[in-house]
Amino acid sequence: MMRYVLRRLLASVPVVCVASFILFWAVRATFDPLAKLRQSVDPEALRRETLRLGLDRSLPEQYLLWVKGFVRGDWGTSTRTGGAVLPMVGDALGTTLQLILWGVALAVVLALAIGLYSAARQYSAGDHVLTGLSYLGVAMPAFWFGLVLIQVLAVWPKQQFGLADPPLYFVGLHSVGHSGLDLDYLRHLALPVVTLTVGLVASWSRFGRATLLEALSSDYVRTARAKGVPRRRILLRHALRNALAPFVTVVAMDAAALVGGLVVTEQIYSIPGMGKLFLASLETGDVFVLLPWMFVVAIAVILFNLLADLSYALLDPRVVLR
């Protein structure tokens, strides 16, 4: 397996290089790193900054300079905040990964439970109800659902019962003076995680139901039934085990997309994650943040896809990694 991992990582290097060069070209063609400085009346300062950033060189040379700086950890300085880009992206990535961890873990448990129930009781009243709710969850816009949750679970109880603080917070992940995994953290985390989880559960439960139904119609399941194996054991030890491999693959790929795809959720709840950082940098044309942000997201997608392949082999012994 280690040889397979090393081979996949080496094969990913050209993909990362091509993707990063395209991103570098697109960002440089769209935004001017010296836009703010060009508004000044000091041409000498503009010339010095152009030479310092290597903007007087060709695009391939600029790209190589940027890659060298990225590898060394010199990601530049944000034109929006004036701070170093590396800790900005690192902090934002850590915050987003917290949301992904809690949201994906909860969504996996709920989706598998719903998928098992629907597959075991296909076309029952409960299956029809869960199917309808899943369609509703897929169609429901995240921004609308998030605002509804804020109003119903935070604002309304505080106004209705005259509370000093709302039962659930909806700004950031910590109150002032709090840190770590405490009750304050959980009260901040509840609403954004529910907002994220609903959409994931809606789609993953449908996929889980489909894969479980396919497994239940397999020859080995019919053989187990003919031998008198209990229904519960057939579901959990035979059907679920074989349905987990494609399910985990979908979960890993969707989780990779979430690294840079929580823009709406983080914006609604004012969470300083990757999505909020991207939106703020895009609005101000902060090239020095946008480039590392896109590169980190691209690497995350490749790593999550690698994890999906590894999990597929671990869950299904018929798959051999070569």
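In what follows, every heavy atom counts, from backbone to side chain, and hydrogens, waters and symmetry copies are set aside. All residue numbers refer to positions in the sequence shown, counting from 1.
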Looking at [atom1] of [X] and [atom2] of [Y], how far apart are the two atoms once the value is rounded to the nearest 0.5 Å?
| X | Y | atom1 | atom2 | answer |
| --- | --- | --- | --- | --- |
| Leu53 | Leu55 | CG | CG | 5.0 Å |
| Thr77 | Asp74 | OG1 | CG | 7.5 Å |
| Ser12 | Ile302 | OG | CD1 | 5.0 Å |
| Leu136 | Phe145 | CG | CZ | 9.0 Å |
| Arg47 | Asp56 | CZ | CG | 10.0 Å |
| Leu291 | Ser20 | CG | OG | 9.5 Å |

State, with a plain yes or no, whether a side-chain heavy atom of [X] is found less than 4.5 Å away from one of [Y].
| X | Y | value |
| --- | --- | --- |
| Tyr169 | Asp184 | yes |
| Phe24 | Arg28 | yes |
| Leu282 | Phe31 | yes |
| Pro33 | Glu49 | no |
| Val229 | Val221 | no |
| Arg80 | Met88 | yes |
| Leu97 | Leu93 | yes |
| Asp182 | Tyr185 | yes |

Checklist line | Ser175 and Arg187: CA distance, side-chain angles, deciding distance, side-chain hydrogen bond (donor to acceptor under 3.5 Å, both in side chains) verdict | finding: CA-CA 10 Å; Ser175 299; Arg187 290 171 70 183; over 6 Å; no
Taking [X] for its side chain and [Y] for its backbone only, find out whether a donor-acceptor pair lies under 3.5 Å.
| X | Y | answer |
| --- | --- | --- |
| Thr211 | Gly208 | yes |
| Ser218 | Ala215 | yes |
| Thr96 | Met274 | yes |
| Ser311 | Ala308 | yes |
| Gln267 | Lys276 | no |

Just wondering, are more than 12 heavy atoms of other shown residues or ligands nearer than 6.0 Å to [atom1] in [X]?
| X | atom1 | answer |
| --- | --- | --- |
| Met140 | CE | yes |
| Glu61 | CD | yes |
| Arg57 | CZ | no |

If you compare all heavy atoms of [X] against all heavy atoms of [Y], which two are closest, and at what distance to 0.1 Å?
| X | Y | answer |
| --- | --- | --- |
| Val15 | Ala11 | CG2-O, 3.8 Å |
| Ala154 | Pro167 | O-CD, 4.0 Å |
| Thr50 | Leu46 | OG1-O, 2.7 Å |
| Leu196 | Gly103 | CD2-CA, 4.0 Å |
| Pro292 | Trp75 | CB-CE3, 3.6 Å |
| Ala111 | Trp204 | CB-CB, 3.6 Å |

Whether [X] and [Y] hold their rings parallel, tilted or perpendicular, with breakpoints at 30° and 60°:
| X | Y | answer |
| --- | --- | --- |
| His174 | His188 | tilted |
| Phe161 | Trp156 | perpendicular |
| Tyr220 | His238 | tilted |

Verify the cluster assignment for [X] and [Y]: are they in a single hydrophobic cluster under the rule of side-chain heavy atoms below 4.5 Å apart?
| X | Y | result |
| --- | --- | --- |
| Val171 | Val152 | yes |
| Val108 | Leu133 | no |
| Ile100 | Leu279 | no |
| Leu213 | Leu244 | no |
| Leu200 | Val263 | no |

Distance-only side-chain donor-acceptor flag, [X] / [Y], under 3.5 Å:
| X | Y | result |
| --- | --- | --- |
| Asp286 | Ser78 | yes |
| Gln98 | Thr95 | no |
| Tyr117 | Ser124 | no |

Next item on the list: Any chance you could lay out the side-chain contact (heavy atoms from CB on, under 4.5 Å) test for Leu153 and Phe170, step after step, and finish with the verdict?
Entry: CA-CA 10 Å; Leu153 299 179; Phe170 51 91; over 6 Å; no
Note to self: Taking Asp219 first and then Arg222, would you say they form a salt bridge - that is, a charged N and a carboxylate O separated by under 4.0 Å?
What the structure shows: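 A salt bridge links Asp219 with Arg222.
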Check: Between Arg209 and Asp127, does at least one N-O distance fall below 4.0 Å, as a salt bridge requires?
Finding: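 Judged by the 4.0 Å cut-off on N to carboxylate O distance, Arg209 and Asp127 do form a salt bridge.
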Next item on the list: Starting from the C-alpha separation in whole Å, work towards a yes-or-no answer on side-chain contact (heavy atoms from CB on, under 4.5 Å) for Thr79 and Thr284.
Entry: CA-CA 8 Å; Thr79 57; Thr284 57; 5.6 Å; no
Check: Run the ring-ring contact (aromatic ring centres under 6.0 Å, His included) check on Phe288 and Trp66 step by step: do they pass?
Finding: CA-CA 10 Å; Phe288 302 104; Trp66 176 78; over 10 Å; no
Check: Hey, mind stepping through Ile268 and Leu191 against side-chain contact (heavy atoms from CB on, under 4.5 Å) and telling me if it holds?
Finding: CA-CA 10 Å; Ile268 291 174; Leu191 292 181; over 6 Å; no
Checklist line | Residue of the set Asn242, Leu240, Leu235 for which side chain to side chain contact (heavy atoms under 4.5 Å, CB included) holds with Leu212 | finding: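 The option that passes is Leu240.
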Next item on the list: With side-chain contact (heavy atoms from CB on, under 4.5 Å) as the test, would you mind laying out the steps for Val248 and Leu307 before giving the verdict?
Entry: CA-CA 10 Å; Val248 170; Leu307 290 176; over 6 Å; no
